[in-house]
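This report refers to the structure that appears directly beneath it.
Not measured: the values here are computed from a predicted model.
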Amino acid sequence: MDEATVRQFLRRMKNTFIGFENMPCPTISVLDGAALGGGCELSLCSDIRIATKQTIMGLPETGLAIIPGAGGTQRLPRLIGESKAKELIFTGDRLSADQSLEIGLVNHVREDFDEATLFALEMAGKIGEKGPIAIKAAKTAISYGMNMDLRSGLELESACYAKTIPTKDRMEGLKAFGEKRKPVYRGE
């Protein structure tokens, strides 16, 4: 690809990844097999990552005399820390699923794709039982607050919390708690 085509491709990929990352609902990715380069970068946009034992992860771009160009240099250090991210990007090392779990690159490891998918669906169901307005507000507070100083992050948290106060879901949650029953949330 010529330089202009590469720039256009990266811009489109970044915009796609940002759109995925900014979805208002939680995202869960199941990784099975190689998640290298762009695949690893896409997984970094997920809120929760579940890998199979067969998963291999890494950002090997420096071995091609380029750098991760779809957000890997920015998302990876925010997830696992600056020093470890530099090590992985500078060396291009590939990590097993267990190594990825150990450094916080993935949240969980399961034996195979079916088990990982079932676990992801169970987790999605568990999240789906919570108040949808609260889940959206929590995701906003965490995702945007991570890129702020603590004081600003706390102000954002207060603003997100305030969005849950006037909701019918909040009243349903309190009522269900008092009645010792499972709440039924409607996103209102």
Side-chain angles (χ1 to χ4, degrees), residues 1-121 123-124 127 138-150 152-153 156:
M1 284 194 272
D2 62 46
E3 289 181 33
T5 305
V6 170
R7 284 191 185 95
Q8 183 180 24
F9 174 77
L10 285 175
R11 190 171 30 258
R12 286 182 179 164
M13 189 181 324
K14 281 182 183 179
N15 288 337
T16 299
F17 287 10
I18 289 168
F20 178 64
E21 182 176 50
N22 289 335
M23 290 181 70
C25 62
T27 55
I28 302 171
S29 292
V30 173
L31 308 169
D32 184 36
L36 301 168
C40 183
E41 289 179 288
L42 177 59
S43 78
L44 296 174
C45 299
S46 289
D47 297 311
I48 299 165
R49 287 161 299 286
I50 302 164
T52 67
K53 289 281 190 182
Q54 296 74 37
T55 300
I56 300 294
M57 298 188 74
L59 295 170
E61 287 89 343
T62 55
L64 301 172
I66 59 174
I67 67 171
T73 65
Q74 301 306 302
R75 291 184 183 98
L76 187 63
R78 285 170 169 82
L79 184 63
I80 66 169
E82 180 182 348
S83 180
K84 193 64 177 174
K86 285 179 178 177
E87 176 186 337
L88 292 177
I89 291 170
F90 295 168
T91 64
D93 283 348
R94 296 173 181 207
L95 301 176
S96 69
D98 289 332
Q99 290 170 316
S100 298
L101 178 65
E102 190 176 302
I103 65 168
L105 186 52
V106 299
N107 301 76
H108 301 276
V109 175
R110 292 296 179 264
E111 192 61 37
D112 57 33
F113 180 75
D114 290 339
E115 191 178 320
T117 300
L118 180 60
F119 184 78
L121 291 171
M123 184 178 290
I127 293 168
K139 180 173 176 169
T140 298
I142 295 167
S143 296
Y144 291 99
M146 284 293 300
N147 298 314
M148 300 176 170
D149 62 87
L150 181 60
S152 299
L156 174 62

Subject >> From OG1 (Thr62) to CD1 (Ile89), nearest 0.5 Å >> reply: 8.5 Å

Original post:
Atom CG in Leu42, atom CZ in Arg75: separation rounded to 0.5 Å?
Top reply: 9.0 Å

Original post:
Between Ser46 and Ser43, does any side-chain donor sit less than 3.5 Å from a side-chain acceptor?
Top reply: no

Subject >> Inter-residue atom distance Gln54.CD - Ile56.CD1, 0.5 Å rounding >> reply: 9.5 Å

**OP:** Taking all non-hydrogen atoms of both residues into account, name the closest pair between Leu59 and Gly37 and its distance.
**Re:** CD2-O, 3.5 Å

**OP:** Could you grab the distance from atom NZ of Lys53 to atom CG of Asp98, nearest 0.5 Å is fine?
**Re:** 3.5 Å

Subject >> Glu41 (side chain) donor-acceptor with Gly71 (main chain) under 3.5 angstrom >> reply: yes

**OP:** Mind listing the closest non-hydrogen atom pair of Pro77 and Gly72 along with its distance?
**Re:** CD-O, 3.7 Å

Subject >> Rounded distance [0.5 Å steps], OG1 in Thr117 versus CZ in Arg110 >> reply: 12.0 Å

Original post:
Just checking, any donor-acceptor pair under 3.5 angstrom between side chains of Asp47 and Thr27?
Top reply: yes

Original post:
Between atom CG of Leu156 and atom CD1 of Ile142, what is the distance when rounded to the nearest 0.5 Å?
Top reply: 10.5 Å

**OP:** Return yes when atom CD of Glu87 has more than 12 non-hydrogen atoms of other residues, nucleotides or ligands closer than 6.0 Å, and no otherwise.
**Re:** yes

Original post:
Only one of Val106, Leu31, Leu101 forms a side chain to side chain contact (heavy atoms under 4.5 Å, CB included) with Thr55, so which one is it?
Top reply: Leu31

Subject >> Check: Lys84 and Leu105 side chains under 4.5 Å, non-hydrogen atoms >> reply: no

Original post:
Would you call Pro26 and Ile48 a side-chain contact if the rule is heavy atoms closer than 4.5 Å?
Top reply: no

Original post:
Looking only at heavy atoms, what is the nearest atom pair of Ala116 and Ile50, with distance?
Top reply: CB-CG2, 3.9 Å

Original post:
By side-chain contact (heavy atoms from CB on, under 4.5 Å), which residues pair with Ser83, not counting sequence neighbours?
Top reply: none

**OP:** Sorted by first residue and then second, give each ring-ring contact (aromatic ring centres under 6.0 Å, His included) pair with at least one member in residues 88-111; sequence neighbours left out.
**Re:** His108-Phe119

Original post:
Should the heavy atoms of other residues, nucleotides or ligands under 6.0 Å from CZ of Phe9 be counted, would the total exceed 12?
Top reply: no

Subject >> Closest non-hydrogen atom pair, Cys45 against Phe20 >> reply: CB-CD2, 3.6 Å

**OP:** Search all heavy atoms of Gly69 against all heavy atoms of Lys14 and return the closest pair with its distance.
**Re:** O-CE, 2.7 Å

Original post:
What are the two closest heavy atoms between Glu61 and Ile67, and how far apart are they?
Top reply: CB-C, 3.6 Å

Subject >> Asn107 side chain to Arg49 backbone, donor-acceptor under 3.5 Å >> reply: yes

